[in-house]
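Below you'll find the structure, written out as structure tokens, and then a few comments.
No hydrogens, no waters, no symmetry mates; every other heavy atom, side chains included, goes into these values. Computed from a prediction, not measured in an experiment: that's the story for all the values here. All chains are named by letter (A, B, ...) in the order of the sequence lines, taking the proteins before the strands, and each is independently numbered beginning at 1.
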Protein chains: 2
Amino acid sequence: MPYMDVKPSDLEWKKGSAELLILSLVEARPRHGYEISKLIEQRSGGAVHFHVASLYPLLYRLEKRGWLQGRWVEKSGQRRRRYYRLTPQGRKILASQRRGWQTFVEAINRITEVEHA
Amino acid sequence: MPYMDVKPSDLEWKKGSAELLILSLVEARPRHGYEISKLIEQRSGGAVHFHVASLYPLLYRLEKRGWLQGRWVEKSGQRRRRYYRLTPQGRKILASQRRGWQTFVEAINRITEVEHA
DNA sequence: CGTCCATATATGGCATGGCAACATATTACG
DNA sequence: CGTAATATGTTGCCATGCCATATATGGACG
């Protein structure tokens with residue numbers, strides 16, 4: 001039976017938000033993919049979850065665009081990790097996306113507000 | 001040259017928000033597709049725009065799911081219009097989606113907040 | 001020492017949903 | 001009569017996220 005799930009949109013809302021999330025999380029310091037995915041879950045209290053199958057390809061895309069720069073780090077007693085840091089261009093994009101997200105949310109709120117009389 | 005657009009996500013953010021927008025707009029009274037698309041543009045100040053190629057198929061989906069009920073209305077001096085009204089089930093879904101949207105936005109904001117020291 | 005779990009990265013194929021482009025009608029206005 | 005605004009509709013493409021699966025390492029436990 002399809003459409004049993006009352007909230008299919010919860011899944012769809014995520015689309016496009018991943019970029020902003022990742023850029024934000026590597027703003028303060030470089031992080032690796034797995035760390036980013038854990039942070040998203042923790043900080044959202046489980047409300048938002050990005051699968052690794054979405055995350056890694058997205059990291060490659062962001063690096064390809066020059067917004068992130070990745071670097072392999074190998075430490076004894078650890079599996080190799082690829083740390084991504086925000087490039088100057090990425091920093092500009094992040095600022096722009098933060099503004100855009102605010103504008104978007106305000107617009108959605110304005111439209112979906114309960115009509116008063 | 002690809003990726004010239006600094007904000008590809010602005011387009012992606014919309015994905016999934018359309019359901020909430022439409023359900024909200026037919027909450028107070030029945031509306032037809034064209035009216036809904038105009039309202040979205042007006043109330044968002046042009047920040048959000050849904051193309052008809054997204055809108056009409058979505059209206060059919062929502063009707064198919066029993067969240068909306070459509071009805072043709074013909075008036076002299078007007079092209080025929082299909083007015084959609086919110087069903088009782090649709091009303092429940094709308095309430096649920098409003099809550100879900102709030103939760104989602106709060107989660108995103110929490111994750112993307114600038115880190116304080 | 002073997003097994004299981006958490007860590008960590010990677011990929012092929014699928015589903016969803018918005019968009020561009022195109023298409024059809026009707027009414028109003030000059 | 002041409003053009004714009006209104007109003008609905010469809011086909012095919014593309015971007016993005018998900019599922020399932022795969023590989024590899026280290027630590028804990030028995």
From the list [options], which nucleotide is the closest neighbour of the side chain of [X]?
X	options	result
Ala53(A)	dT7(C), dA7(D), dC18(D)	dC18(D)
Glu12(A)	dA7(D), dG17(C), dA8(C)	dG17(C)
Arg81(B)	dA10(C), dA7(D), dT8(D)	dA7(D)

To the nearest Å, how far apart are [X] [atom1] and [N] [atom2]?
X	N	atom1	atom2	result
Arg79(A)	dG27(D)	CZ	C1'	15 Å
Lys14(A)	dG18(C)	NZ	C1'	18 Å
Arg80(A)	dT25(D)	CZ	P	10 Å
His51(A)	dT16(C)	NE2	P	15 Å

Which of parallel (below 30°), tilted (30 to 60°) and perpendicular (above 60°) describes Trp13(B) and Phe104(A)?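 Tilted, since the angle between the ring planes falls between 30° and 60°.
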
Base, sugar-phosphate or nothing for Tyr60(B)? Non-hydrogen atoms, less than 4.0 Å.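 It contacts sugar-phosphate atoms only.
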
Please classify the nucleic acid contact of Glu35(A) as base, sugar-phosphate, or nothing, using heavy-atom distances under 4.0 Å.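 It contacts nothing in the nucleic acid.
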
Are more than 12 heavy atoms, taken from residues, nucleotides or ligands other than Arg71(B), located less than 6.0 Å from that residue's CZ atom?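 Counting neighbours around CZ of Arg71(B), 12 or fewer heavy atoms of other residues, nucleotides or ligands fall under 6.0 Å, so no.
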
If every non-hydrogen atom of Thr87(B) is compared with every non-hydrogen atom of Gln69(B), which pair is closest and at what distance?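 Heavy atoms only, the tightest pair is CG2-N, 3.8 Å.
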
Step by step, would you call Leu39(B) with Ile111(A) a side chain to side chain contact (heavy atoms under 4.5 Å, CB included)? CA-CA 8 Å; Leu39(B) 268 174; Ile111(A) 298 169; over 6 Å; no

Short side-chain N/O contact from Tyr34(B) to OP1 or OP2 of dT6(D), under 4.0 Å: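 For Tyr34(B), the contact criterion (side-chain N or O under 4.0 Å from OP1 or OP2 of dT6(D)) is met.
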
Please confirm whether the shortest side-chain N or O distance from Ser54(B) to OP1 or OP2 of dC19(C) is below 4.0 Å.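 Checking dC19(C) against Ser54(B), a side-chain N or O does come within under 4.0 Å of OP1 or OP2.
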
